[in-house]
Amino acid sequence: MCSAARERADSPSRIRAMNAPHPATAPARHILEHVFGYTAFRGEQEAIVEHVAAGGDALVLMPTGGGKSLCYQIPALLRSGTAIVVSPLIALMQDQVSALVEAGVAAACLNSSLSLEESRAVERELFAGRLDLLYVAPERLLTPRFLDTLDELRDTHRLALFAIDEAHCVSQWGHDFRPEYLQLSVLPERYPGIPRIALTATADQLTREEIARNLRLENARRFVSSFDRPNIRYRIVDKADPRRQLLAFIREDHQDEAGIVYCLSRRKVEETAAWLAEHGVDALPYHAGLPVEERSANQVRFLREDGIVMVATIAFGMGIDKPDVRFVAHLDLPRSVEGYYQETGRAGRDGLPAEAWMAWGAADVVQQRRMIDESEGGEDFKRLARARLDALVGLVESTTCRRQHLLDYFGEASGPCGNCDNCLEPPRTWDATDAARKALSCVYRTGQRYGAGHLIDVLRGERSEKVIERGHEAVSTFGIGADVDDRTWRSLFRQLVARGLLAVDHERYGALALTDAARPLLRGEDEFMLRLVPEKRGRTKRRSASTEIPAGIPTTLFDRLRAWRAETARERNVPAYVIFHDATLREIALARPHTLAELGGISGIGDRKLEAYGAAILEIVAEAG
Ligand code: ADP
Ligand code: ZN
């Protein structure tokens with residue numbers, strides 16, 4: 001429960017952090033080690049912690065899984081008073097609070113899920129100065145009553161800092177816009193001098209600027225991390241029989257592991273979840289059309305149990321803090337490169353190997369182009385949507401490093417990564433320049449009024465009824481493509497549409513017309529390389545994340561630890577990862593510690609967890625021999 005801190009007599013974490021002798025280590029590091037159990041800061045964490053602890057404002061741009069939470073949690077423990085954390089999602093708040101309480105930190109939250117009585121109890125704790133961190137929903141924070149409380153804390157110097165999580169919610173362009181976030185600009189006016197730290201995993205520049213402006217953080221120090229997620233392996237495959245391809249991917253590489261499968265429609269979500277379940281995968285559906293109880297029950301199971309696969313629309317995602325999601329699969333194209341990056345970013349937050357897998361076909365792109373063409377939006381909107389789709393097509397079709405392509409999109413230069421499909425197995429390509437030129441020219445010669453079927457007949461020199469009727473035997477492109485088979489021509493036309501060189505006129509039964517983008521190719525200034533689609537994909541040596549642990553790890557010990565964790569999490573009614581992360585269990589299985597001191601040296605085990613679970617773990621290790 002959210003208000004677990006109320007049992008505590010005093011803020012134990014801060015007292016421990018402040019009073020414990022730590023001659024050799026700086027206070028921030030001391031907290032890192034003893035409260036959170038980690039041995040080193042990651043990336044910019046330490047600089048951010050120091051800046052905020054010293055009273056500075058900060059805008060933190062860090063990818064998902066980068067470790068944003070510690071950036072305000074440690075300053076919250078270092079500064080006197082309570083840190084107020086604004087967070088948009090109740091589920092997220094609760095899990096964060098549980099994790100903090102497990103680590104022995106006095107944290108609580110206030111949101112609409114609490115009863116009046118529970119809320120009052122939390123408020124009493126707050127007043128009594130017994131909270132290190134208080135998570136609140138933005139609408140709660142902005143109530144006059146709560147602002148009065150904050151005034152009181154300010155006047156008595158008990159306001160440590162404000163942290164604004166998921167700060168992109170203040171951006172009107174993003175899909176997570178929350179109007180209440182805009183009003184958070186009252187904070188610097190009403191509470192000058194109280195440091196504010198805003199955090200987001202949003203990679204695009206426009207949103208960043210909007211965050212700074214709307215939150216009045218123009219003068220805050222910016223901490224921009226690399227947006228690379230090196231532990232995520234990107235794989236984009238050609239769609240043949242997508243459900244079976246997905247099943248094979250799960251069975252071969254991610255058996256019994258947690259994952260998310262994204263589909264575009266609710267119906268497809270339900271069908272895919274049911275089909276996977278029939279085939280022995282622990283799959284559950286999630287979309288906005290399900291009854292609320294079912295939806296939240298599925299979400300809770302996904303968060304709390306091990307190895308659940310959630311099949312979902314993009315309604316499922318933001319705030320999925322689960323660190324051990326081992327794969328994110330797309331059965332449909334995401335809407336944009338930003339969307340793809342966000343969605344795949346939910347894999348591998350714990351830093352262990354994870355995979356982003358997508359099955360796509362040119363037909364999907366053609367369908368999306370059609371949806372844009374037929375949408376209600378104005379021309380500007382359509383132009384933007386088309387540009388976004390083009391960027392995505394560039395990514396899925398690229399024959400070079402996927403990561404390089406992704407990072408380049410976000411303005412970050414990098415080299416080939418060695419951990420994506422194109423790096424691991426460079427695709428074979430064929431030079432389709434000549435064929436593509438013939439196709440475009442055939443479209444032109446026949447008056448830009450026909451669909452692919454007829455055009456292929458002309459190119460292949462088929463004397464079909466329609467060809468004869470229209471007199472197309474006489475055009476100069478008749479029969480010039482007889483050497484290319486029908487299937488290849490079809491795929492080529494789809495690619496030409498997918499890449500925007502040809503436009504489909506849906507009102508004229510799919511007639512194809514040239515676009516401006518076709519000019520360079522027609523003029524001989526461009527080439528057209530296509531990925532060679534293997535007839536039958538042979539499995540290559542690929543191992544799952546869990547088998548990538550070094551040889552010699554007793555998987556059985558890991559399994560026993562996992563079973564113990566599941567049991568403990570159930571008893572305590574918290575997600576399994578709140579007890580320990582997979583990474584921590586793996587390290588225990590590898591190190592086989594015999595003493596509490598040895599166990600305490602493992603990453604992810606702070607003082608409080610050592611005390612609470614140390615004996616049980618040592619027993620399991622000892623039993624395993
Ligand atoms: P974000 O909010 O940026 O997505 P989190 O704060 O949830 O990331 O952190 C991601 C994961 O990394 C968490 O499971 C967290 O416990 C872990 N983590 C964060 N900082 C460190 C660190 N310095 N050492 C080891 N693990 C860390
Ligand atoms: Zn690569």
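Small disclaimer: the values here were computed from a predicted structure and weren't measured. We're numbering straight along the sequence, starting at 1. One-based numbering, in listed order, for ligands and for the atoms of each.
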Going by distance only, is there an N or O of Met62 that falls short of 3.5 Å from an N or O of ligand 1?
-> no

Going by the 4.0 angstrom heavy-atom rule, the piece of Pro63 near ligand 1 is backbone

Does an N or O anywhere in Arg349 fall below 3.5 Å from an N or O of ligand 1?
-> yes

Check: Lys68 N/O within less than 3.5 Å of ligand 1 N/O = yes

Is the shortest N/O to N/O distance between Thr64 and ligand 1 below 3.5 Å?
-> no

Decide, yes or no, whether a salt bridge links Arg222 with Asp57 under the criterion of side-chain N to carboxylate O below 4.0 Å.
-> no

Pro323, any N or O under 3.5 Å of ligand 1 N or O = no

Salt-bridge test for Arg570 and Glu305: reply yes if a basic N is under 4.0 Å from a carboxylate O, no otherwise.
-> no

Any nitrogen or oxygen of Gly67, main chain or side chain, under 3.5 Å from a nitrogen or oxygen of ligand 1?
-> yes

Qualifying residue, where the test is side-chain hydrogen bond (donor to acceptor under 3.5 Å, both in side chains) with Glu355 and the options are His254, Arg233, Arg326 = His254

Report, in ascending order of atom number, the atoms of ligand 1 lying under 4.0 Å from any heavy atom of Ala40.
-> 22 (C), 23 (N), 24 (N)

Enumerated ligand 1 atoms positioned under 4.0 Å from heavy atoms of His581 = 13 (C), 14 (O), 16 (O)

For Ser69, counting its heavy atoms only, list the atoms of ligand 1 lying under 4.0 Å from any of them.
-> 2 (O), 5 (P), 6 (O), 7 (O)

Would you mind counting protein N, O or S atoms that sit less than 2.8 Å from the Zn ion (ligand 2)?
-> 4

